[in-house]
Amino acid sequence: MDQKQKPVRGSTPAPDHIMLSISGDAATTMTVTWRTSTDVTQGYVLYRAEGSEALLRADAVSDVFTSDIDESRIFWAKLEGLRPDTRYEYTCGGDTHRSGTFRFATAPENLTKFKFIAISDHQKGDPFHKPDYSALNRFLKDVLRQHPDTRFILTGGDNTDCGQHEVQWNGMFSGLTGVIESVPYMMTVGNHDNRGFKVYEEDRHEGRYYAEPCEYFNKQFRGSYPFNGPAGWETENYTFDYGNVHFAVLGVNEPELVNDWLKKDLQATDKTWKLGAYHFPIYYSGPESQNDDAYPMMRESMEMLDLLFSGHEHNFSRSYPIKNEELFDRPSQGTIHYMLGNGNQNPPG
Ligand SMILES: [Fe+2]
Ligand SMILES: [Fe+2]
């Protein structure tokens, strides 16, 4: 594609959309995702433990991502054999265009106490061609300044306002620049992330509500997250471990299938704590927010969790421990449901 025809925030030979994520053992691996224009065909990460001399190399796999406005190449490189509880520095890109140097830390072994950010619904629709995610950027940088020992960011979905249009992912990444190159970003999909219109901006009534599976999400992040979801619905569903916690990230499609998969997954884990993230609230806080997509269909698996993070409502609430419609006092007796509010000055919707 002619560079002159590139959309605002379109891909270039220089790597952008640089994102860390966890797709394996958090103590010994780290995954780096980035984007370039399609004329860049090879990509790799150069990295080393801070203070050591020798640079190591991890070659990336890549795929072409054709969207409604651009054609780009997405790279995924998995760094393996890392030392636990160690700081690393890295660059990514091809031979001619490299990123700046970024840093991250691996998880210590036998970790039982750690911090992560849980954020949701940071979608922004305006202005159309260059959605403004700058408040998200200020907010996350501020939280990370106050909590520099944050291990990763977990979202509750609606990462974008209209995720079947690339302009929105470009917007989201603009709001995460300077953040997720150093802190792994673990996304849950929301209903807005697989929403699309026939023609973005001009035709906001006719559309592809909703893409199943979440097409643009899966294309960009197929190599970013553990590919361990239910068959055919991986990437938008996955689980990962951090310290003594097992995290289940649940997509918005096929609730019966996800329920069966999650039950088996949670029975198999030996982690002390089981936490989940699912966009639609199971126990809603607003009278108009009742969601029948998942409840009671997914109740059985979700009530195997100690705690479930949800979004969608743009409200914040925390439930009593609940099991089978009954409220309890002690967390060991039921699942606590957290509604994460909104992460980008979006009013309750
Ligand atoms: Fe939302
Ligand atoms: Fe939503």
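This one's a predicted model, so the numbers in the text were calculated from it and none came from an experiment. When a ligand or atom number is given, it counts from 1 through the structure's own listing order.
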**Request:** Report yes or no: does N218 contribute a side-chain atom to a donor-acceptor pair with the main-chain N or O of C214 at less than 3.5 Å?
**Result:** yes
**Request:** State whether Y44 and R57 meet the cation-pi test: NZ (Lys) or CZ (Arg) under 6.0 Å from the six-membered ring centroid, and within 45° of the perpendicular axis.
**Result:** yes
**Prompt:** If you look at H314, which of its N/O/S atoms is nearest to the Fe ion (ligand 1)?
**Reply:** NE2
**Prompt:** Do D149 and K115 pass the salt bridge (Lys or Arg N to Asp or Glu O under 4.0 Å) test, and can you show the C-alpha distance, the side-chain angles, and the key distance before you say yes or no?
**Reply:** CA-CA 7 Å; D149 50 347; K115 289 180 189 171; 3.2 Å; yes
**Item:** Environment of the Fe ion (ligand 2) in terms of protein N/O/S atoms, cut-off under 2.8 Å
**Value:** D158 OD2, N191 OD1, H279 NE2, H312 ND1
Side chains of residues 75-83: which donor-acceptor pairs under 3.5 Å do they make with residues two or more places apart or in other chains?
{"residue": "W76", "atom": "NE1", "partner": "Q220", "partner atom": "O", "Å": "3.1"}
{"residue": "W76", "atom": "NE1", "partner": "S224", "partner atom": "OG", "Å": "3.4"}

**Message:** Could you check whether atom CD of E300 has more than 12 heavy atoms from other residues, nucleotides or ligands sitting under 6.0 Å from it?
**Reply:** no
**Asked** Salt-bridged, R35 to E166, with N to O below 4.0 Å?
**Response** yes
